[in-house]
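This report concerns only the one structure given below.
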Protein chains: 2
Amino acid sequence: MADSVVLDTVDLQLLGLLQNDARTTYRDLAAQVGVAPSTCLDRVTRLRRSGVILGHRLQLDPAKLGRGLQALLLVQVRPHRRELVGPFVERIRALSEALTVFHLTGPDDYLVHVAVADMADLQRLVLDEFTARREVARVETRLIFQQWECGPLLPPSPSAQSE
Amino acid sequence: MADSVVLDTVDLQLLGLLQNDARTTYRDLAAQVGVAPSTCLDRVTRLRRSGVILGHRLQLDPAKLGRGLQALLLVQVRPHRRELVGPFVERIRALSEALTVFHLTGPDDYLVHVAVADMADLQRLVLDEFTARREVARVETRLIFQQWECGPLLPPSPSAQSE
DNA sequence: AGTGAAACACATACGTC
DNA sequence: GACGTATGTGTTTCACT
């Protein structure tokens, strides 16, 4: 189920194009890939059903929404036990400031990517939602100067694997 | 230009719905928000032009593409000067394994989110693309157990700001 | 599995309030 | 600024290959 899927050249071209603009029409996709629009629909539907395509997400500008400051919070949760970390993650995910939560190996158990209005807002968030919680042993705050999304995600070069 | 934008309840509802599924039709949006489809089009076009909506991106499952292992790399670039960090970031962005690059405050200059096939692939990536570069002083690798995307991004609760 | 044409739904522009 | 309608365009189905 979590195994990789066999993708041919057409699938890869479609994914590449759709990663640039997920709203490209099947008609345009067809023209660029060299197959019929109905074939594109078939392929994309299959990619969707096989779980390669998880969804179409809107990319927003946090600054335009009044969240001009972003930061990464490195968090130690002690003790690091299921009974504590489950509710911790759910609580953090529910914060309107949280964008992504990572559960990591290494000295910090979680990394939380947040978008806030300003420094005062960040301070409030850290003090009220993180260090105020008993299971949070330590929070390290790193501000984000700038961030870049990288090129289209593609399979490793030695090419595709088993279904 | 990077200032926040005035958003009313309708805009916020539309953004909320579209963040769940960016392909929701204007007809469906209209039904759920309680306005006419043409009004939805107007609103979304405006959100797009004002820069709140940056684009529509496909969300893929890296595991299904043969990239079952993800990691965060904390990188120190020394000396941390424009002439070195510009090309460094461009080189990293061009890697097919890279998903996102952050420029940070704190002891580590960059955080790079990568998706690789397996441990051997990760080791190769770190050795060949990071520590092999002269300007990279240190790389710390943290594996990702699990990751969660958080709820829709919304403006801070005290409500909207100036245009 | 891919195609082309036909049926349908949707996006979009515009006149009206 | 929101609405309803008209129209062209895109999506989706299906019989055929």
Side-chain angles (χ1 to χ4, degrees), chain A residues 3-61 64-66 152 154-155 159-163, chain B residues 3-61 64-66 152 154-155 159-163:
Chain A
D3 279 328
S4 54
V5 168
V6 186
L7 300 173
D8 65 15
T9 319
V10 174
D11 292 319
L12 292 176
Q13 282 185 273
L14 292 173
L15 289 177
L17 292 167
L18 286 170
Q19 278 181 89
N20 289 333
D21 178 5
R23 275 172 26 128
T24 312
T25 64
Y26 293 116
R27 197 170 145 278
D28 289 350
L29 290 173
Q32 290 178 72
V33 172
V35 295
S38 50
T39 305
C40 287
L41 175 65
D42 272 4
R43 293 302 193 108
V44 173
T45 306
R46 219 178 308 160
L47 288 168
R48 190 176 267 283
R49 268 207 282 268
S50 66
V52 175
I53 295 175
L54 294 171
H56 294 247
R57 293 199 124 185
L58 212 57
Q59 194 190 2
L60 300 182
D61 183 347
K64 299 275 180 168
L65 288 168
L154 294 173
S159 210
Q161 276 88 347
S162 59
E163 165 73 22
Chain B
D3 278 327
S4 53
V5 168
V6 186
L7 300 173
D8 66 13
T9 320
V10 173
D11 293 318
L12 292 176
Q13 281 184 276
L14 291 173
L15 288 176
L17 291 166
L18 286 170
Q19 280 182 85
N20 290 332
D21 178 6
R23 276 172 25 130
T24 311
T25 65
Y26 293 115
R27 197 170 143 276
D28 288 350
L29 290 173
Q32 288 178 73
V33 172
V35 295
S38 51
T39 305
C40 288
L41 175 65
D42 273 2
R43 294 302 193 104
V44 173
T45 305
R46 219 178 307 158
L47 289 168
R48 194 175 264 283
R49 268 206 283 266
S50 66
V52 176
I53 295 175
L54 295 171
H56 295 246
R57 294 199 106 183
L58 213 57
Q59 194 192 3
L60 300 182
D61 183 349
K64 299 275 180 167
L65 288 167
L154 294 172
S159 210
Q161 274 90 347
S162 59
E163 168 72 20

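Below, chains carry the letters A, B, ... as their sequence lines are ordered, and counting in each starts from 1.
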Checklist line | Results of side-chain hydrogen bond (donor to acceptor under 3.5 Å, both in side chains) for B:Arg57 - residues two or more places apart only | finding: none

Item checked: 4.5 Å side-chain heavy-atom contact, A:Leu7 and A:Leu47 -> yes

Check: Between which nucleotides of DNA chain D, 5' to 3', does chain B make heavy-atom contacts below 4.0 Å?
Finding: D:dA2 to D:dG4

Pairs of donor and acceptor atoms involving the side chains of residues 10-23 of chain A, under 3.5 Å and at least two apart or interchain, shall be tabulated with distances.
unit_1, atom_1, unit_2, atom_2, d
A:Asp11, OD1, A:Arg43, NH1, 3.0
A:Asp11, OD2, A:Asp8, N, 3.3
A:Asp11, OD2, A:Arg43, NH1, 3.2
A:Gln19, OE1, A:Leu153, N, 2.7
A:Gln19, NE2, A:Leu15, O, 3.4
A:Gln19, NE2, A:Leu153, O, 3.1
A:Asp21, OD1, A:Arg23, N, 2.9

Margin query: If you take any heavy atom closer than 4.0 Å to DNA chain C, which residues from residues 21-30 of chain A end up in contact?
Written below: none

Margin query: For DNA chain D, which residues of residues 31-42 of chain B approach it to below 4.0 angstrom with any heavy atom?
Written below: B:Val35, B:Ala36, B:Ser38, B:Thr39

Notebook entry, point to check: Hey, does B:Gln59 have a side-chain heavy atom less than 4.5 Å from the side chain of A:Ile53?
Noted result: no

Run the side-chain donor-acceptor check on residues 30-39 of chain A: report pairs under 3.5 Å with partners two or more places apart or on a different chain.
none

